[in-house]
Trainee: 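Sharing a structure, written as structure tokens. Questions coming.
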Amino acid sequence: MGPIGENEFLFILHGLKWTVLLAIIGFVGGGVFGIVIALARASKNRTARVATSGYIALFQGTPLLMQLFVVYYGVALLGVDVNAWIAVAIAFTLHASAFLGEIWRGSIEAVPKGQNEAANALGLHYVSRMKDVILPQALKISMPATVGFLVQLIKGTSLAAIVGFIELTRAGQIISNQTYRPLLVFGIVGVIYFIICWPLSHLGSGLEKRMAKAVR
């Protein structure tokens, strides 16, 4: 069994950097498309509702691992040369957009109808009504679920290793194969995941309790 020294630990931290970056890109990119999906799902346009409903069902009804495979190998079949980084970034963005879109759609519809009626009475057009009245309230309602999804997204980045992307879990696997100390290496990896995810989970639980008190 080999030792786990500074170089091995730095390699794990290098994988952590890509885990965090991938989660940020997936969350931000998914958020941008997610808000569009949420607005389409909550709109009165039947075509938009049906199309986005099918999109959400597709990504919520299939494993993230399969989505990574389809994006990575499917794009290659079209003759486009894409590296692992771009493939997983696209896959996680699409995956996140479906889940965030549904979370935010529910939050938009959870805003009391009187708010929308009051905005209509004031003569606000759709964009102003959403931007200034509905979305700020929907954002507060959605925070616990949004933070919870972010935690799941961070943990889900470990699946990116399947297409050769070296993130935290894959870095741990490489070091484990070199040192023959899987328990120690993955113990370190697990602690790193815990340090990242537990504060976010705690934040989500706190927000949920605060929302529950506000409703009473």
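Given the structure is predicted, the values throughout are model-derived calculations rather than measurements. Nothing fancy with the numbering, it's 1 onward along the sequence.
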Trainee: Please tell me if the side chains of V163 and V71 come closer than 4.5 Å, counting only heavy atoms from C-beta onward.
Mentor: no
Trainee: Can you confirm whether T146 sits close enough to L150 that some side-chain heavy atom of one is under 4.5 Å from a side-chain heavy atom of the other?
Mentor: no
Trainee: Under 3.5 Å, is there a donor-acceptor pair between the H202 and W198 side chains?
Mentor: no
Trainee: For the CD atom of Q152 and the CG atom of L200, what is their distance to the nearest 0.5 Å?
Mentor: 11.5 Å
Trainee: How long is the gap from OG on S142 to CD1 on I103, to the nearest 0.5 Å?
Mentor: 7.5 Å
Trainee: Going hydrophobic residue to hydrophobic residue with side-chain gaps under 4.5 angstrom, can you get from I90 over to V70?
Mentor: no
Trainee: Would you say OH of Y73 has more than 12 non-hydrogen atoms from neighbouring residues, nucleotides or ligands within 6.0 angstrom?
Mentor: yes
Trainee: Show your reasoning for whether side chain to side chain contact (heavy atoms under 4.5 Å, CB included) applies to T169 and Q173.
Mentor: CA-CA 6 Å; T169 299; Q173 184 181 19; 5.7 Å; no
Trainee: If hydrophobic clusters are built from ILVMFWY residues whose side chains come within less than 4.5 Å, do Y72 and M66 share one?
Mentor: no
Trainee: Looking only at heavy atoms, which two atoms of F99 and F149 are closest? And how far apart?
Mentor: CB-CE1, 3.4 Å
Trainee: Is there a side-chain contact between L68 and F92 in this structure, where contact means two heavy atoms from C-beta onward sitting under 4.5 Å apart?
Mentor: yes
Trainee: Which heavy-atom pair separates V185 from G172 by the least distance, and what is that distance?
Mentor: CG1-O, 3.1 Å
Trainee: If I compare all heavy atoms of A171 with all of I12, which pair ends up nearest, and what's the gap?
Mentor: CB-CA, 4.1 Å
Trainee: Give, for atom CG of L135 and atom CD1 of I141, the distance between the pair rounded to the nearest 0.5 Å.
Mentor: 11.0 Å
Trainee: Got a salt bridge between E102 and R105, using NZ or NE/NH1/NH2 to carboxylate O under 4.0 Å?
Mentor: yes
Trainee: State the CG-OG1 distance between L153 and T93, to the nearest 0.5 angstrom.
Mentor: 9.0 Å
Trainee: Give, for atom CZ of R41 and atom CD1 of I108, the distance between the pair rounded to the nearest 0.5 Å.
Mentor: 10.5 Å
Trainee: What side-chain donor-acceptor pairs closer than 3.5 Å can you find for residues 19-39, not counting sequence neighbours?
Mentor:
residue, atom, partner, partner atom, Å
T19, OG1, G15, O, 3.4
T19, OG1, L168, N, 2.9

Trainee: Between OG of S158 and CG of L65, what distance do you get to the nearest 0.5 Å?
Mentor: 9.5 Å
Trainee: Could you walk me through whether Q67 and L94 pass side chain to side chain contact (heavy atoms under 4.5 Å, CB included), step by step?
Mentor: CA-CA 9 Å; Q67 294 165 21; L94 295 174; over 6 Å; no
Trainee: Would I86 and N83 satisfy side chain to side chain contact (heavy atoms under 4.5 Å, CB included), going step by step from the backbone distance to the final call?
Mentor: CA-CA 6 Å; I86 295 176; N83 61 36; 3.3 Å; yes
Trainee: With under 30° as parallel and over 60° as perpendicular, where do the rings of F165 and W18 fit, or are they tilted in between?
Mentor: perpendicular
Trainee: Is there a side-chain contact between S97 and Y55 (heavy atoms, below 4.5 Å)?
Mentor: yes
Trainee: Return the minimal non-hydrogen interatomic distance between S43 and A40, and the atom names on each side.
Mentor: OG-O, 2.8 Å
Trainee: Is the backbone of V50 close enough, under 3.5 Å, to the side chain of S53 for a donor and an acceptor to pair up by distance?
Mentor: no
Trainee: Given V189 and I175, is the side chain to side chain contact (heavy atoms under 4.5 Å, CB included) satisfied, shown in steps?
Mentor: CA-CA 11 Å; V189 170; I175 296 301; over 6 Å; no
Trainee: I'd like to know if the side chain of T52 and the backbone of A48 have a donor-acceptor N/O pair within less than 3.5 Å.
Mentor: yes
Trainee: Of all the heavy-atom pairs spanning A42 and E109, show the shortest one and how long it is.
Mentor: CA-OE2, 4.2 Å
Trainee: Minimum heavy-atom separation for G156 and L64, please, with both atom names.
Mentor: O-CD2, 3.9 Å
Trainee: Closer than 3.5 angstrom, by distance alone: can the side chain of E167 be matched with the main-chain N or O of R170 as a donor-acceptor pair?
Mentor: yes
